[in-house]
2 protein chains.
Amino acid sequence: MIGSIAGLLTTIAFVPQVIKILKTKDTRSIAFETCLLQVAGVFLWIIHGLVQSDTAIIMANVVTLCLTSIILVCKLLSRKHGVEVEADVLKDK
Amino acid sequence: MIGSIAGLLTTIAFVPQVIKILKTKDTRSIAFETCLLQVAGVFLWIIHGLVQSDTAIIMANVVTLCLTSIILVCKLLSRKHGVEVEADVLKDK
C-alpha cells in the first residue's frame, strides 16, 4: 500500500512542473542534465518492470516517462530558441 | 541489474539540478508543488523500503530525499526573498 502511494506521488509530482512550463514557457532554472538522467532512468525502470512483469512499475514509469519527456522537449526547445523564450518571459514581467 | 542502474540514474538525476540552483540561486521555473510531491513520495518510498527491509530502496531514496529537500528549501527561500533573487538573476544578465 505505502509503495503504491509513494509511486503515485513520485509519478504525479511531475504534473505541476509540466503545467508550469507549458504556461510560462520558462525552463531556465531547470537543469538539462537532470531531465536527461530522469528520462533515461525512468526508461530503464520500464525495462526492469517488463523483465519482472511488474505492471505497477511499468504503468507508473510509462506515465513518468511521458511527463519527463515533455519537460525534456520543452527544455530542448527553449535552448534552441534561447533568447526568444527568455525575452518572452522577461516581456511578461 | 537494470533496476539498480535505473535507481542510480533517477537518484543522481537530481544532482545537476541542485548544483544549478546553488550556482544561479534561480528556482523560478521550478514548480513548488513538484518539489513537495517529490519529497513526500520519496519519504514514503523510504518507509516502504523499511517495511520491506529493502536496503537498495532505502539507500537510493535517502539520497534522493536529501537532494529533493535541498531543492524544496531553495525554492522556499527564493519564494520568501522573491524579488531579491529575481533581481540578482536579472542583474547577472
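Quick note on labels: first sequence line is chain A, next is B, and so on, each numbered from 1. What you see below is based on every heavy atom in this structure, not just the backbone, and it leaves out hydrogens, waters and symmetry mates.
- Contacts from residues 34-44 of chain A to chain B, taken as heavy-atom pairs separated by less than 4.5 Å, involve A:T34, A:L37, A:Q38, A:A40, A:G41, A:V42, A:L44 in sequence order.
- A:M1 and A:I57 fall into different hydrophobic clusters, where Ile, Leu, Val, Met, Phe, Trp and Tyr are joined by side-chain heavy atoms under 4.5 Å apart, directly or via other members.
- B:L65 is connected to B:L50 through a chain of hydrophobic side-chain contacts under 4.5 Å among Ile, Leu, Val, Met, Phe, Trp and Tyr, so both are in one cluster.
- Within residues 5-19 of chain A, the residues approaching chain B closer than 4.5 Å by heavy atoms are, in numerical order, A:I5, A:A6, A:G7, A:L9, A:T10, A:I12, A:A13, A:F14, A:P16, A:Q17.
- Judged by distance alone, the side chains of A:S29 and B:T27 never bring a donor and an acceptor atom under 3.5 Å apart.
- Linking Ile, Leu, Val, Met, Phe, Trp and Tyr whenever their side-chain heavy atoms come within less than 4.5 Å leaves A:L72 and A:L77 in two separate clusters.
- The hydrophobic cluster containing A:L22 also contains A:L67, counting ILVMFWY residues as joined when their side-chain heavy atoms lie under 4.5 angstrom apart, directly or transitively.
- When each of A:I2, A:T68, A:I21 is checked for heavy-atom pairs under 4.5 Å with chain B, A:I2 comes out on top.
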